[in-house]
Amino acid sequence: EVQLVESGGGLVQAGGSLRLSCTASAFTFDSYNIGWFRQAPGKEREGVSAISSSDGSTYYADSVKGRFTISSDNAKNTVYLQMNSLQPEDTAVYYCGASPIYIVAESLLLLPGTYDYWGQGTQVTVSS
(Lines give C-alpha, C1' and ligand atoms only; values in the text may rest on other atoms or scores of the structure.)
Protein backbone atom coordinates (compact mmCIF):
# COMPACT_ATOMS: atom_id res chain seq x y z
CA GLU A 1 0.00 0.00 0.00
CA VAL A 2 1.36 3.40 -1.01
CA GLN A 3 1.85 5.57 2.04
CA LEU A 4 3.18 9.07 2.62
CA VAL A 5 4.02 10.29 6.10
CA GLU A 6 4.71 13.93 6.93
CA SER A 7 6.56 15.13 10.01
CA GLY A 8 8.29 18.21 11.34
CA GLY A 9 5.40 20.55 11.94
CA GLY A 10 5.00 22.57 15.10
CA LEU A 11 4.60 25.98 16.68
CA VAL A 12 7.11 28.67 15.78
CA GLN A 13 7.34 32.43 16.17
CA ALA A 14 7.20 34.72 13.16
CA GLY A 15 10.59 34.84 11.46
CA GLY A 16 11.44 31.33 12.57
CA SER A 17 12.11 28.17 10.58
CA LEU A 18 10.84 24.62 10.32
CA ARG A 19 11.80 21.66 8.15
CA LEU A 20 9.06 19.31 7.06
CA SER A 21 9.76 15.76 5.92
CA CYS A 22 7.71 13.51 3.65
CA THR A 23 8.70 9.85 3.67
CA ALA A 24 7.22 7.32 1.29
CA SER A 25 6.67 3.59 1.53
CA ALA A 26 5.68 1.09 -1.16
CA PHE A 27 7.05 3.28 -3.95
CA THR A 28 10.18 5.23 -4.79
CA PHE A 29 10.36 8.94 -5.43
CA ASP A 30 11.94 8.43 -8.85
CA SER A 31 8.54 7.17 -10.00
CA TYR A 32 6.47 10.10 -8.80
CA ASN A 33 6.60 13.84 -8.54
CA ILE A 34 6.25 15.06 -4.96
CA GLY A 35 4.45 18.21 -3.99
CA TRP A 36 3.82 20.12 -0.78
CA PHE A 37 0.43 21.67 -0.22
CA ARG A 38 -1.23 23.49 2.64
CA GLN A 39 -4.74 24.07 3.82
CA ALA A 40 -5.77 26.72 6.30
CA PRO A 41 -9.14 26.59 8.08
CA GLY A 42 -11.95 27.59 5.73
CA LYS A 43 -9.67 27.71 2.71
CA GLU A 44 -8.96 25.39 -0.19
CA ARG A 45 -5.83 23.31 -0.37
CA GLU A 46 -3.14 25.23 -2.23
CA GLY A 47 0.12 24.23 -3.85
CA VAL A 48 3.26 25.37 -2.07
CA SER A 49 6.13 23.61 -3.83
CA ALA A 50 6.86 20.60 -5.99
CA ILE A 51 9.83 18.64 -7.27
CA SER A 52 9.80 16.82 -10.57
CA SER A 53 10.98 13.23 -10.59
CA SER A 54 11.95 13.40 -14.27
CA ASP A 55 14.60 16.10 -13.99
CA GLY A 56 14.63 17.37 -10.40
CA SER A 57 13.16 20.75 -11.32
CA THR A 58 11.61 22.60 -8.43
CA TYR A 59 8.60 24.88 -8.37
CA TYR A 60 7.22 27.30 -5.82
CA ALA A 61 4.11 29.32 -5.24
CA ASP A 62 4.79 33.05 -5.43
CA SER A 63 3.88 33.41 -1.76
CA VAL A 64 6.80 31.25 -0.62
CA LYS A 65 9.49 31.96 -3.22
CA GLY A 66 12.77 32.93 -1.59
CA ARG A 67 11.65 31.55 1.79
CA PHE A 68 10.92 27.86 1.21
CA THR A 69 13.19 25.25 -0.36
CA ILE A 70 12.18 21.76 -1.49
CA SER A 71 14.75 18.99 -1.76
CA SER A 72 14.87 15.22 -1.96
CA ASP A 73 17.01 12.42 -0.61
CA ASN A 74 16.22 9.43 -2.79
CA ALA A 75 18.35 7.11 -0.65
CA LYS A 76 16.00 7.86 2.25
CA ASN A 77 12.90 8.10 0.06
CA THR A 78 12.26 11.45 1.71
CA VAL A 79 11.41 14.91 0.42
CA TYR A 80 12.00 17.94 2.61
CA LEU A 81 10.50 21.39 2.75
CA GLN A 82 12.75 23.89 4.48
CA MET A 83 10.66 26.85 5.55
CA ASN A 84 12.41 30.05 6.61
CA SER A 85 11.12 33.50 7.56
CA LEU A 86 7.79 32.01 8.52
CA GLN A 87 4.84 34.35 8.85
CA PRO A 88 1.45 33.94 10.54
CA GLU A 89 -0.17 33.57 7.11
CA ASP A 90 1.87 30.38 6.63
CA THR A 91 -0.19 28.74 9.37
CA ALA A 92 -1.93 25.67 7.93
CA VAL A 93 -1.93 21.91 7.78
CA TYR A 94 0.81 20.92 5.36
CA TYR A 95 0.39 17.84 3.19
CA CYS A 96 2.69 16.07 0.80
CA GLY A 97 1.34 14.33 -2.26
CA ALA A 98 2.57 12.13 -5.10
CA SER A 99 1.63 12.66 -8.75
CA PRO A 100 2.45 10.54 -11.80
CA ILE A 101 5.83 11.06 -13.44
CA TYR A 102 4.25 12.15 -16.74
CA ILE A 103 2.87 15.31 -15.13
CA VAL A 104 5.51 17.90 -16.02
CA ALA A 105 3.82 21.29 -16.38
CA GLU A 106 4.47 23.66 -13.50
CA SER A 107 0.83 24.69 -13.36
CA LEU A 108 -0.21 21.06 -12.91
CA LEU A 109 2.50 20.23 -10.39
CA LEU A 110 1.07 22.85 -8.02
CA LEU A 111 -2.51 21.70 -8.57
CA PRO A 112 -3.93 19.34 -5.90
CA GLY A 113 -6.18 17.57 -8.41
CA THR A 114 -3.25 16.00 -10.23
CA TYR A 115 -2.03 14.16 -7.12
CA ASP A 116 -3.01 10.56 -6.50
CA TYR A 117 -1.65 9.93 -3.03
CA TRP A 118 -1.60 12.05 0.12
CA GLY A 119 -0.16 11.98 3.58
CA GLN A 120 -2.13 12.68 6.72
CA GLY A 121 -0.77 16.21 7.13
CA THR A 122 1.28 18.02 9.74
CA GLN A 123 0.21 21.22 11.51
CA VAL A 124 2.34 24.35 11.19
CA THR A 125 1.40 27.26 13.42
CA VAL A 126 3.24 30.58 13.25
CA SER A 127 2.60 33.02 16.07
CA SER A 128 2.98 36.78 15.65
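Note that the numbering runs from 1 along the sequence shown for the chain.
Here the closest heavy-atom approach between residue G9 and residue T122 is recorded as N-OG1, 3.2 Å. Closest approach of S17 to S85, counting heavy atoms only: OG-N, 4.3 Å. Taking all atoms of both residues into account, the shortest heavy-atom contact from L18 to G8 is CD2-O, 3.8 Å. Between L109 and A50, the shortest heavy-atom distance links the atoms O-CB, 3.6 Å. For the residue pair S31 and S53, the shortest heavy atom distance occurs at C-OG, 4.2 Å. Here the shortest heavy-atom pairing between G47 and A61 reads O-CB, 3.4 Å.
No path of Ile, Leu, Val, Met, Phe, Trp and Tyr side chains, each step under 4.5 Å between heavy atoms, connects L110 with L81, placing them in separate hydrophobic clusters. If you chain together hydrophobic residues whose side chains sit under 4.5 Å apart, V48 and I51 fall into the same group. Residues Y115 and Y95 fall within the same hydrophobic cluster, defined by Ile, Leu, Val, Met, Phe, Trp and Tyr side chains chained together at heavy-atom separations under 4.5 Å. I70 and Y59 are not part of a single hydrophobic cluster, where members link through side-chain heavy atoms under 4.5 Å apart. When hydrophobic clusters are built by joining Ile, Leu, Val, Met, Phe, Trp and Tyr residues whose side-chain heavy atoms come closer than 4.5 Å, directly or via intermediates, Y117 is not grouped with V93.
At least one side-chain heavy atom of W36 sits less than 4.5 Å from a side-chain heavy atom of V79.
Of the N and O atoms on the side chains of T125 and T91, not one donor lies less than 3.5 Å from an acceptor on the other residue.
Taken from OG in S72 to CG in N77, the straight-line distance is 9.5 Å, to the nearest 0.5 Å. Going from atom OH of Y60 over to atom NZ of K65 covers 10.5 Å, rounded to the nearest 0.5 Å. One finds the CH2 atom of W118 at 9.0 Å from the OG atom of S99 (value rounded to the nearest 0.5 Å). Distance check: I34 CD1 to S49 OG gives 11.5 Å after rounding to the nearest 0.5 Å. Summarising the geometry, atom OG1 belonging to T69 is positioned 14.0 Å from atom OH belonging to Y80; distances are rounded to the nearest 0.5 Å. Note that the OH atom of Y32 and the CG atom of D116 stand 6.5 Å from one another [nearest 0.5 Å].
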Which is it for Y94 and E6 under the side-chain contact (heavy atoms from CB on, under 4.5 Å) test, yes or no, and what are the steps along the way? CA-CA 8 Å; Y94 283 70; E6 303 97 335; over 6 Å; no
Quick one, R67 with M83, criterion side-chain contact (heavy atoms from CB on, under 4.5 Å). Give me CA distance, side-chain angles, the key distance, then yes/no. CA-CA 6 Å; R67 300 189 299 124; M83 306 187 296; over 6 Å; no
Show your working on side-chain contact (heavy atoms from CB on, under 4.5 Å) between T114 and N33 and close with a plain yes or no. CA-CA 10 Å; T114 60; N33 306 307; over 6 Å; no
side-chain contact (heavy atoms from CB on, under 4.5 Å) between V64 and R38, worked out: CA-CA 12 Å; V64 306; R38 65 187 182 187; 4.0 Å; yes
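Judged by the 6.0 Å distance and 45° axis criteria, R45 is not positioned over the aromatic ring of F37.
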